[in-house]
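The sequence lines fix the lettering, A, B, ..., with proteins before strands; numbering per chain opens at 1.
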Number of protein chains: 2
Amino acid sequence: MSRQKPKLARIADSLGVSTATVSNALSGKGRVSPELAERIRATAAELGYVPSVAGRALRTGRSGVLGLVLADISNPLFPKLAQAIENSAAKAGYGILIADSHGDVAAQTQAIERLIERGVDGMIVVPRRGTWVTGASCPVAVIDSPSTPGNTVAADHWSGGQGLGVHLVSLGHAHVLLLGNNQSSNVQNDRLGGVKAGLGSARVETVWIEKLESTAGQGCSLGLEEAVARGVTAIAAVSDLVALRALTELQRAGIAVPEDVSVTGFDDLIWSSVVTPGLTTMRMDVATIADIAIAAVLEAINQPKSAEPRRGDGETVTASQPKVPMELVLRQSTGPARTSASHKDNKTENLTAGELIQ
Amino acid sequence: MSRQKPKLARIADSLGVSTATVSNALSGKGRVSPELAERIRATAAELGYVPSVAGRALRTGRSGVLGLVLADISNPLFPKLAQAIENSAAKAGYGILIADSHGDVAAQTQAIERLIERGVDGMIVVPRRGTWVTGASCPVAVIDSPSTPGNTVAADHWSGGQGLGVHLVSLGHAHVLLLGNNQSSNVQNDRLGGVKAGLGSARVETVWIEKLESTAGQGCSLGLEEAVARGVTAIAAVSDLVALRALTELQRAGIAVPEDVSVTGFDDLIWSSVVTPGLTTMRMDVATIADIAIAAVLEAINQPKSAEPRRGDGETVTASQPKVPMELVLRQSTGPARTSASHKDNKTENLTAGELIQ
DNA sequence: CGTTACCGGTTAAACGATTAATCACGGCAT
DNA sequence: ATGCCGTGATTAATCGTTTAACCGGTAACG
């Protein structure tokens with residue numbers, strides 16, 4: 001409880017040395033005798049010295065802050081992601097400034113603009129499908145999907161999907177309905193493509209919800225009851241939100257999950273574990289993804305200016321490990337494929353003997 | 001695409017004036033002749049001048065950044081809230097630095113500490129139940145519940161609950177089950193208290209999930225089937241997440257919503273509109289809440305230092321309008337109370353005539 | 001006519017940290 | 001004895017903006 005905020009000068013003349021020496025001692029950069037350095041550190045701690053970010057930023061040109069740009073901050077995956085990123089950044093001594101582009105490109109550009117004006121040293125961008133990152137004047141890491149050009153790091157959505165596919169096959173499912181939202185999303189294509197690959201020779205149908213809703217209206221039925229009647233025994237959704245929609249639509253129609261039909265999702269969102277039945281899903285390792293993204297940006301920031309003539313910042317950085325494996329979370333929404341007889345209303349009784357056995 | 005980042009000096013001697021004049025012209029503070037001011041603004045815009053936050057921060061002691069502290073960033077309400085706060089802040093020219101205390105008090109204190117070190121001008125805190133804000137050295141706005149001491153602004157949870165209560169009564173419900181998570185949460189108590197008040201003379205039972213789970217185990221059944229058998233015709237959950245859990249548990253048990261039992265939630269979270277049936281819920285006006293919170297903090301920041309001897313910062317600020325009304329969102333999960341006869345498995349047939357009529 | 005007030009600016013001093021350049025000085029080789 | 005070098009510390013410039021103080025000149029005012 002000394003006077004005021006102690007600055008570098010106070011601790012300096014408290015020891016009778018110059019501010020430069022104090023600065024050097026605390027940052028460990030210049031040449032300071034070990035014992036003096038120790039004394040300086042001690043009194044700094046004692047006085048409760050806290051360096052002024054503003055002063056440092058002004059001199060060094062680094063703010064110690066990274067921007068996090070979310071295409072859609074209301075995406076339910078955002079909490080986990082933001083938490084992970086904030087965590088990784090904090091470990092590296094960086095702060096996270098958030099910016100929301102409400103899913104639209106102009107707003108995203110504006111948001112990036114604001115971040116730049118705020119002097120961020122780098123950015124993490126989670127773009128919306130199609131959206132692209134206009135040249136910012138600082139290193140940018142992009143988290144989208146490995147198949148997106150310019151992507152820095154992301155979950156291995158394709159392999160994750162494949163994992164779900166083989167899981168369903170191992171349960172005997174041979175006729176699966178894939179539920180996607182938007183066909184132009186790289187992530188969604190990767191996920192469903194992976195599922196399809198994992199399913200091997202199983203029969204597959206795909207429904208794109210946005211396309212369906214554009215004709216049948218927002219919040220329309222997904223026609224799952226009819227699909228089940230057609231013989232579908234499993235539904236693989238592109239996200240837990242879609243899976244939840246499917247689950248409730250099925251239950252409302254009196255179709256039992258997983259006895260009549262299995263349901264899988266993606267992301268292990270917060271509700272996946274509390275619904276009945278619990279949702280089998282494919283979780284992404286956000287912590288690792290965040291670590292890699294942050295590391296990549298920081299590396300670019302600390303690059304010795306690249307010695308090039310062009311002020312070649314603004315490039316999207318690359319990471320050593322661009323794809324991070326996903327993890328299968330088994331819950332109760334998946335089970336053995338029903339044989340036709342076990343479907344309570346026997347709409348599927350006219351199957352062949354072979355199909356019955358399978 | 002001039003040379004480099006234009007600073008004040010460049011535009012100053014580009015016009016043959018002093019930097020002070022430029023500064024005054026751009027900020028509109030000092031005395032500058034209108035036409036010169038206009039010329040200055042013009043060339044500033046032309047050169048693409050962007051003020052250096054670092055320089056300004058160093059000089060003024062203001063960073064132009066607010067901290068947002070979430071008790072639990074993985075709370076599904078967070079996206080909406082963060083979006084609203086970021087929006088309000090951006091409108092006022094402020095940035096939002098996020099900090100996550102993983103629900104635990106020590107981490108929250110640490111997070112606040114980090115924000116202070118980063119030089120935030122103020123903070124918005126959404127505390128977890130019980131958690132309290134240790135004296136930070138800047139204005140703090142708290143968003144929790146009107147009944148929490150020190151609260152700045154929040155949704156009127158009690159009145160919201162009351163609204164749900166009267167809604168249920170108007171549908172003829174006379175026996176309602178209340179679902180809460182944790183009895184020590186102000187918000188949850190307010191919500192359920194309001195519901196109870198709105199229900200008037202109806203019969204009410206309350207289940208606190210965390211207490212139940214502490215004995216029956218994580219993810220246990222909530223005993224809703226039995227409750228319905230006992231004559232419960234409506235379930236009011238303290239949040240949409242709980243409502244979702246209830247909805248799926250009911251559907252899984254073959255109980256139809258809303259024919260057999262109505263379900264209500266709180267918050268209008270993202271999934272409330274996509275599940276079947278859509279969830280009737282009570283939405284909080286996060287945009288208004290964010291606006292008020294930000295305004296309150298900014299007012300405190302721009303206070304003329306209060307002229308007091310003590311450096312009396314660190315106080316939680318107060319707002320002119322501490323409670324913001326909530327809005328009822330009607331969907332399909334609520335309907336007229338069933339008469340006993342309409343419950344498909346007639347477990348309730350041994351009721352009195354009077355109860356049957358009601 | 002002397003004093004004051006205003007007007008449209010300029011000067012220069014901060015803000016707090018970093019860092020290149022410099023300096024004092026004892027040891028060492030030439 | 002002279003020149004050189006390494007060590008440990010200091011000096012002073014610098015980052016870009018804000019703002020209190022100042023200034024010459026003119027108009028208003030008593």
Side-chain angles (χ1 to χ4, degrees), chain A residues 2-41 43-44 47-65 93 116-119 121 302 304-305, chain B residues 2-41 44 47-65 93 116-119 121 301-302 304-305:
Chain A
S2 2
R3 296 259 222 304
Q4 300 280 5
K5 305 275 178 191
K7 43 185 204 173
L8 217 43
R10 186 179 324 280
I11 136 170
D13 56 38
S14 146
L15 283 175
V17 298
S18 74
T19 72
T21 305
V22 178
S23 175
N24 282 332
L26 293 180
S27 67
K29 290 206 165 178
R31 298 166 305 195
V32 184
S33 70
E35 63 273 22
L36 178 53
E38 187 45 49
R39 281 205 299 151
I40 289 180
R41 268 190 294 272
T43 53
L47 296 200
Y49 169 70
V50 177
S52 148
V53 256
R56 172 178 296 160
L58 179 55
R59 176 63 225 245
T60 63
R62 307 268 190 75
S63 61
V65 173
I116 299 284
E117 291 180 11
R118 281 242 133 57
D121 296 338
N302 297 323
K305 202 52 129 189
Chain B
S2 5
R3 297 257 221 309
Q4 300 280 5
K5 305 273 175 192
K7 42 184 201 173
L8 262 190
R10 185 179 326 279
I11 131 171
D13 54 42
S14 147
L15 283 174
V17 298
S18 76
T19 71
T21 304
V22 178
S23 174
N24 283 332
L26 294 181
S27 67
K29 289 206 165 180
R31 297 164 308 192
V32 183
S33 68
E35 64 275 19
L36 177 52
E38 187 43 52
R39 278 203 301 150
I40 289 181
R41 270 191 293 271
L47 296 199
Y49 168 71
V50 177
S52 148
V53 252
R56 170 178 296 163
L58 179 57
R59 175 63 223 240
T60 63
R62 308 268 190 76
S63 60
V65 172
I116 299 285
E117 291 179 13
R118 282 241 134 59
D121 296 338
I301 290 176
N302 296 325
K305 202 51 128 187

Engineer: Check whether any side-chain heavy atom of Leu8(A) sits under 4.5 Å from a side-chain heavy atom of Leu26(A), and report yes or no.
Structural biologist: yes
Engineer: Is there a residue in residues 33-41 of chain B whose heavy atoms reach under 4.0 Å of DNA chain D, and which residues are they?
Structural biologist: none
Engineer: Check Pro51(A) against Arg56(A) and note the closest heavy-atom contact, atom names and distance.
Structural biologist: CB-NH2, 3.4 Å
Engineer: Indicate for each nucleotide in nucleotides 12-18 of chain D, in 5' to 3' sequence, whether protein heavy atoms under 4.0 Å reach the base (B), only the sugar-phosphate (S), or nothing (-).
Structural biologist: -BBBBBB
Engineer: Determine whether a donor-acceptor pair (N or O, by modelled atom type, separation under 3.5 Å) exists between the side chain of Asn24(B) and the backbone of Lys29(B).
Structural biologist: no
Engineer: Please report, rounded to the nearest Å, how far the P atom of dT10(D) is from the CG atom of Leu15(A).
Structural biologist: 10 Å
Engineer: How many angstroms lie between atom OG of Ser63(B) and atom CD1 of Ile301(B), to the nearest 0.5 angstrom?
Structural biologist: 8.0 Å
Engineer: Which heavy-atom pair separates Ile40(A) from Ala25(A) by the least distance, and what is that distance?
Structural biologist: CD1-CB, 3.6 Å
Engineer: Taking only side-chain nitrogens and oxygens of Ser18(B), does any of them come within less than 4.0 Å of OP1 or OP2 of dG9(C)?
Structural biologist: no
Engineer: Of all heavy-atom pairs between Ser18(A) and Ala12(A), which one has the smallest distance, and what is that distance?
Structural biologist: C-CB, 3.9 Å
Engineer: From CZ of Arg31(B) over to P of dG24(D), roughly how many Å is that when rounded to an integer?
Structural biologist: 15 Å
Engineer: To the nearest Å, how far apart are Asp13(B) CG and dT11(C) P?
Structural biologist: 12 Å
Engineer: If you define the side chain from C-beta out and look only at heavy atoms, does anything of Asn302(B) sit under 4.5 Å from Arg62(B)?
Structural biologist: yes
Engineer: Atom CD1 of Ile11(A) to atom C1' of dA17(C): distance rounded to whole Å?
Structural biologist: 13 Å
Engineer: Mind checking whether Leu15(A) and Arg39(A) have side chains closer than 4.5 Å, heavy atoms only?
Structural biologist: yes
Engineer: Between dT19(C), dT10(C), dA9(D), which nucleotide has the shortest distance from any of its atoms to the side chain of Thr21(A)?
Structural biologist: dA9(D)
